[in-house]
Amino acid sequence: MVLLNKKIIKLLAPVFCLLFLTSVDGLKNKQDIYKKGWIDFNKNGVKDVFEDPKQTIDARVADLLSQMTMEEKTCQMTTLYGFSRVLEDELPTDEWKNRVWKDGIANIDEHLNTIANRPYTNTEHAFPYSNHAEAINTIQKWFIEETRMGIPVDFTNEGVHGLCHKKATPLPAPIGIGSTWNKELVYKAGQTVGREAKALGYTNIYAPILDLARDPRWGRVIECYSEDPFLIGELGVQMSKGIQSEGVASTIKHFAVYSIPKGARDGEARTDPHVAPREMHQMHLYPFKKVIKEAKPMGVMSSYNDYDGVPITGSHYFLTELLREEYGFKGYVVSDSDAVEYLNEKHNVAADYKEGIRQVVEAGLNVRTRFRTPESYIEPLRELITEGKISMEVINERVAEVLTVKFRLGLFDQPYVEDTELANKIVHTDEDEEFSRQITRESLVLLKNENNLLPLDLSKLKNVLVTGPMADEVNYTYSRYGPSSNNSVSVYKGIKKYGKGKLNVNYVKGCNVIDASWPESELMDVPLSSEEKAGIAAAVEQAEKSDVIIAVMGEDEAAVGESKTRTNLNLPGRQLDLLKALYATGKPVVLVMINGRPLTINWEDKYLPAILETWFPAASSGDVIAETLFGDYNPGGKLSVTFPKSTGQIPLNFPFKRGSQAGQREIPGNGYGLTRVIGPIYPFGYGLSYTSFEYSDLVVKQDTKLNQSDVHVSFKVSNTGKREGDEIVQLYIEDLVSSVTTYESQLRGFERVKLLPGETKTVNFTLHPSDLELLDKDMNWSVEPGKFNVKIGSSSTEIELNGSFEVLSY
């Protein structure tokens, strides 16, 4: 036996020597792995199938997976949060060899991006832009050269307000983007985010948000496009396609039924959405289904909440049966932060954290993403595998889906930013800045304009007062999920610059956004302090000397956003007191609203002559608002959410089931009388213009009357005023008789049309069978026979043209 072993050692000695020399040589010169047309990721000197760009992605994934250890596979199932969040280092250090990511990592999130209002995230590697591209290359190089298999990292980042990176191109808040109703513009917004991400080294962007803003009390309404699933779906497709057109992944969120926690009270738990199954599929899941099928995003973020008692992130039905098998999703699923931990900490469906991990992996979660170390997830995951509680077959499925995305992104063919200096030339260019201004312009919605007070005539004004807590504020232009450090212009400074040399522009703040006792002051009257009285008095004194008052009111980042649900939807603090005092001067008051949700501005709508809704606009807000108020730009945005009159009406939005938002009998009978306020202040789709429009010549044609045929709708729209303007034309359908109660009216088409004075354009829409389908009484998607009404209008309530068509089942 001893002699045999010596013979074997003698025979194998040259092999051992060769392996040793190869290893040493590799350590001396890591560049040897970079071959002509391929990279030797596993450093074995052989072009493996997974390293061959000519092989299919499936073959490459299978080959790579077959060579990976259990340790390497589990490292592809979690996120490493970037610098100052979890990662302590800006660039690789020797210590990295002692951390779990020595075997690789799925993705690194928000690394070296610099986040607004978070000074601890500031880094010299964020700007100039080439610094970041070079830093990302350095980190990618470490993972490729210093780990055994050399699997590249997917670098992720947020992108719903524009790319979350220092001085990237700023976009309005999503609620403002939704108010543009401009698909072409939203696609370009996606392209901008994707192009900048690619140049900076990011490969995966967490956008768009596809949640429905059905309860305006909810803090994240500001981050939603709309309350309507069709509008969200159409804009979501464009944003996702735009991002992915630049060679980076779009990860859509938050899947699913996330935006309606009970009473809008998200807090930390974010549980208990109250929605029936049919409504869930037809409303809350509709945008996800549409975007996945049409845009094919490479990522999905699973949400914190449960549905009917089952946490989404631990649900095989949602993450596998629905997402992959029914919708055809081909990508990987990341968890929203804490979603895994919530299975045992909030939902209590797992006895401990480790059992929660087992449930989410079995359900279909690919990557845990949370502000904790990767070890905190990988170590218990490995224990579960060793204990036989999770099979390697399941692990292989989850890892294969992650690797597939990395191959689709080209990370195994070109893992580095090829031209790092290019970032300085193509990120936030002059053209991008003009685009940011244009999308901000198109997000503005004119809500009221009594006696055509707007646009203001500069030649007829001498003194203007700009007042209100948001007048000289810019914090709304920065976002946790968008760019930081851009130069922002307040409304006051924008108007002052616009009127320079022609207009005397004064500023008095008047009051703060909130008062000292807020939010308790939303429940009861609290006397004004002497300081508050003095602030309002100072504004009034200046108002009496002015020709017009521009009052800039609303919410700031402290009053709206993630986990910032409100009890009341009035203007917070003493803002209404200030408005009433200004109105009492008899001077015309223009209300400019900067806010992140619909507000119950009843008094304001009744008494003030002009109201401009601007949401949370981008950094150029002051300039854009000034040119709009003085007529250089004609606002054409439309509301993508309903403005209720009272929180007591909630839910009050579009679309709605027949009779669910009905009035009250005014003639004798059961329940007649007037006990409540009904109707919205402003309906879904509403918005005014400085010009006027007329609709005519509706034509409805069917290919056939069969239920799988298209329906073609055309009509004309004309600008009958004296100014160029945009009209957002809207197509609604009504299913007159169906097997289940359906919505009174549903949006099924829209287009933003630019028209010169006197110009007429023909607008064409095509209704596909999917636009007519519903979930029938057996929960099957079908187009039922019957009559459908077609409504063309300038809002959901202002219908200008009516038509109809009939569908037959044979």
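Remember, predicted model here, so these are calculated numbers, not experimental data.
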Begin with the C-alpha distance, continue with both residues' side-chain angles, and end with the deciding distance and a verdict on side chain to side chain contact (heavy atoms under 4.5 Å, CB included) for Tyr307 and Ile312. CA-CA 7 Å; Tyr307 176 72; Ile312 298 294; 3.9 Å; yes
Taking the basic N atoms (NZ, or NE/NH1/NH2) and the acidic carboxylate oxygens, is any pair closer than 4.0 Å for Arg370 and Asp338? yes
Between Glu557 and Arg480, is the closest basic N to carboxylate O distance under 4.0 Å? no
Please round to the nearest 0.5 Å and tell me the distance separating atom CG of Asp103 and atom OG1 of Thr74. 7.5 Å
Can you tell me if NZ on Lys97 sees more than 12 non-hydrogen neighbours from other groups inside 6.0 Å? yes
Output for pair (Ser315 OG, Gln359 CD), nearest 0.5 Å, gives 10.5 Å
Evaluate the ring planes of Tyr304 and Tyr258, with Trp represented by its six-membered ring, and classify them as parallel (under 30°), tilted (30 to 60°) or perpendicular (over 60°). tilted
Below 4.0 angstrom, N of the basic side chain to O of the carboxylate: do Glu355 and Arg358 qualify? yes
Is a side-chain N or O of Asn344 found less than 3.5 angstrom from the main chain of Ala351, in a donor-acceptor match? no
Rounded to the nearest 0.5 Å, how far does CD of Glu562 lie from CD1 of Ile222? 12.0 Å
Residues two or more places apart in sequence or in another chain: which of them pass salt bridge (charged side-chain N to carboxylate O under 4.0 Å, His left out) with Arg408? none
Are the aromatic ring centres of Phe255 and Phe288 under 6.0 angstrom apart? yes
Under 3.5 Å, side chain of Thr121 to main-chain N/O of Arg118, donor-acceptor pair present? yes
Tell me if a side-chain donor or acceptor on Thr320 pairs with a main-chain N or O of Ala363 at a distance below 3.5 Å. yes
Please identify each residue that fulfils side-chain hydrogen bond (donor to acceptor under 3.5 Å, both in side chains) with Thr203, with sequence neighbours left out. Asp154
For Thr369, run the side-chain contact (heavy atoms from CB on, under 4.5 Å) check against Thr78, Thr156, Val334 and tell me which one passes. Val334
Within 6.0 Å of CD in Glu387, more than 12 heavy atoms from elsewhere: yes
Under the side chain to side chain contact (heavy atoms under 4.5 Å, CB included) rule, what do Ile144 and Tyr34 come out as? Steps first, then yes or no, please. CA-CA 10 Å; Ile144 289 171; Tyr34 301 100; 4.0 Å; yes
What is the distance from atom CD1 of Ile139 to atom CD of Glu134, rounded to the nearest 0.5 Å? 12.0 Å
Verify side chain to side chain contact (heavy atoms under 4.5 Å, CB included) between Asp336 and Ser303, making sure each step is shown before the conclusion. CA-CA 6 Å; Asp336 204 349; Ser303 57; 5.6 Å; no
What one should report as the nearest heavy-atom pair of Ser302 and Leu365 is OG-CD1, 3.9 Å
Between Arg398 and Glu362, is there a salt bridge with N-O shorter than 4.0 Å? no
What's the spacing between Trp101 CH2 and Leu80 CG if we round to 0.5 Å? 5.0 Å
Backbone N or O of Phe50 within a donor-acceptor pair of the Asp63 side chain at under 3.5 Å? yes
Val360 and Tyr377: side chain to side chain contact (heavy atoms under 4.5 Å, CB included), yes or no, with the steps? CA-CA 12 Å; Val360 300; Tyr377 184 76; 4.0 Å; yes
Donor-acceptor pair, Glu294 side chain versus Val291 backbone, under 3.5 Å? no
Option from Asn113, Val248, Val193, Asp109 for which side-chain contact (heavy atoms from CB on, under 4.5 Å) with Tyr202 holds: Asn113
Closest contact, heavy atoms only, Tyr225 versus Pro208: OH-CB, 3.5 Å
Taking only Lys NZ, Arg NE, NH1 and NH2, and the carboxylate oxygens of Asp or Glu, determine whether Lys253 and Glu158 approach each other closer than 4.0 Å. yes
With sequence neighbours excluded, tell me which residues meet side chain to side chain contact (heavy atoms under 4.5 Å, CB included) with Gln55. Val49, Asp52, Ala59, Arg60
If you measure from the Lys or Arg side-chain nitrogens to the Asp or Glu carboxylate oxygens, is any gap between Glu71 and Arg382 under 4.0 Å? no
Treating Asn44 as the side-chain partner and Val46 as the backbone partner, does any N or O pair qualify as donor plus acceptor under 3.5 Å? yes
Test item: side-chain donor near acceptor, Asp211 and His254, under 3.5 Å: yes
Just verifying a value: how many Å separate Lys43 NZ and Glu146 CD, rounded to the nearest 0.5 Å? 8.0 Å
Over-ring placement of Arg324 relative to Phe318, 6.0 Å and 45° cut-offs: no
We want to know whether Ser376 and Arg368 form a side-chain donor-acceptor pair, criterion being a heavy-atom distance below 3.5 angstrom. yes
Under the 3.5 angstrom rule, does the side chain of Lys35 hit a backbone N or O of Asp32 as a donor-acceptor pair? yes
Could you tell me whether Glu51 and Lys47 have a side-chain N and a carboxylate O separated by less than 4.0 Å? no
Without hydrogens or angle criteria, can the side chains of Thr123 and Glu90 be said to hold a donor-acceptor pair below 3.5 Å? yes
Please find the pair of heavy atoms, one from Pro229 and one from Tyr286, that lie closest to each other, and give the distance. O-CD2, 3.5 Å
Has the side chain of Tyr129 got a donor or acceptor atom that lies under 3.5 Å from a matching backbone atom of Thr420? no
Looking only at atom types and distance, does a side-chain atom of Thr147 sit under 3.5 Å from a main-chain N or O of Phe143, one as donor and one as acceptor? yes
Under a 3.5 Å distance rule, please check whether Gln140 uses its side chain to pair with a backbone N or O of Val153 as donor and acceptor. yes
Is there a donor in the side chain of Tyr81 and an acceptor in the side chain of His111, or the other way round, less than 3.5 Å apart? no
